[in-house]
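Here is the structure we will look at.
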Amino acid sequence: MSVKNDIIDTGLVEFELSFDRGTEKIYFNPNDVDFYIRLTDMINSTSEIYESMSKEYEKAEEAQDNREKIEILRRLNEKVRNNFDIAFGNNVSDGIFKYVSPHGIIKSKNQYYVFYILDWLMPKIAEETGKTSNEAVNALQKAMNRHTVKYAHKFN
């Protein structure tokens, strides 16, 4: 007797990120009901992380403590990467942040990379999810827009 292993089609979607030095693929599942909850939590949490780290960074800058500044940026990087992995339900942070850290500045856009990539992802998520989820995606876009400008140059 043999057992046939069927592939479970969960509706996983693939995006290819094109960087100046290569491409990376990330995946998410628009059929996962909790995806939008996790994504909203990630956007709000990322903004809170930046606000908290910004205050710590200012204190370290006043004390001229370069080691503490580096440690703050390391913690920021780790927290944001973890939030992305949780939101997308898989390890997307290695691909998304392979060429630039979350707090790297995209000079042409005058914003942190983490918010730039969210700006890039939201329309793609909306396109994949279709009209049935537009309300959720619009709410996510509004949440993200509140935080994008606020954290434009905090760590420079």
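Both backbone and side-chain heavy atoms feed into the values below; hydrogens, waters and symmetry mates do not.
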What are the two closest heavy atoms between [X] and [Y], and how far apart are they?
| X | Y | result |
| --- | --- | --- |
| His103 | Leu73 | CE1-O, 3.4 Å |
| Leu39 | Met122 | CD2-CE, 3.7 Å |
| Phe15 | Ile125 | CZ-N, 4.1 Å |
| Pro102 | Tyr112 | O-CB, 3.9 Å |
| Trp120 | Glu16 | CH2-O, 3.8 Å |

Just by distance, do the side chain of [X] and the backbone of [Y] share a donor-acceptor pair under 3.5 Å?
| X | Y | answer |
| --- | --- | --- |
| Asn82 | Glu78 | yes |
| Asp34 | Ile37 | no |
| Tyr113 | Ile96 | yes |
| Thr46 | Met42 | yes |

Does the pair Glu56/Lys69 count as a salt bridge with the N-to-O cut at 4.0 Å? no

Before accepting this row, confirm whether a basic side-chain N of the pair Asp94/Arg81 lies closer than 4.0 Å to the acidic partner's carboxylate O. yes

Please determine whether the number of non-hydrogen atoms from other residues, nucleotides or ligands lying under 6.0 Å from atom CD of Gln64 exceeds 12. no

Are side-chain heavy atoms of [X] and [Y] found at a separation under 4.5 Å?
| X | Y | value |
| --- | --- | --- |
| Asn91 | Ser93 | yes |
| Arg75 | Met53 | yes |
| Tyr36 | Asp41 | no |
| Asp85 | Asn90 | no |

Any chance you could lay out the side-chain contact (heavy atoms from CB on, under 4.5 Å) test for Phe28 and Val92, step after step, and finish with the verdict? CA-CA 9 Å; Phe28 85 97; Val92 298; over 6 Å; no

Decide whether Asn77 and Ser101 meet the rule of one side-chain donor and one side-chain acceptor closer than 3.5 Å. no

Can Tyr116 and Gln111 be counted as having a side-chain donor-acceptor contact under 3.5 angstrom? no

Given side-chain contact (heavy atoms from CB on, under 4.5 Å), test Asn29 with Phe88 step by step and report yes or no. CA-CA 8 Å; Asn29 189 340; Phe88 283 84; over 6 Å; no

Rounded to the nearest 0.5 Å, how far does CG of Asn83 lie from NZ of Lys79? 9.5 Å

Interatomic distance, CD@Glu51 vs CD@Glu48, rounded to 0.5 Å, equals 8.0 Å

Show, in sequence, the C-alpha distance, side-chain angles and deciding distance for Phe19 and Leu17, and conclude whether the side-chain contact (heavy atoms from CB on, under 4.5 Å) test is met. CA-CA 6 Å; Phe19 295 94; Leu17 303 168; 3.6 Å; yes

Test log, rule side-chain contact (heavy atoms from CB on, under 4.5 Å), inputs Leu76 and Tyr50: CA-CA 7 Å; Leu76 170 69; Tyr50 269 84; 3.8 Å; yes

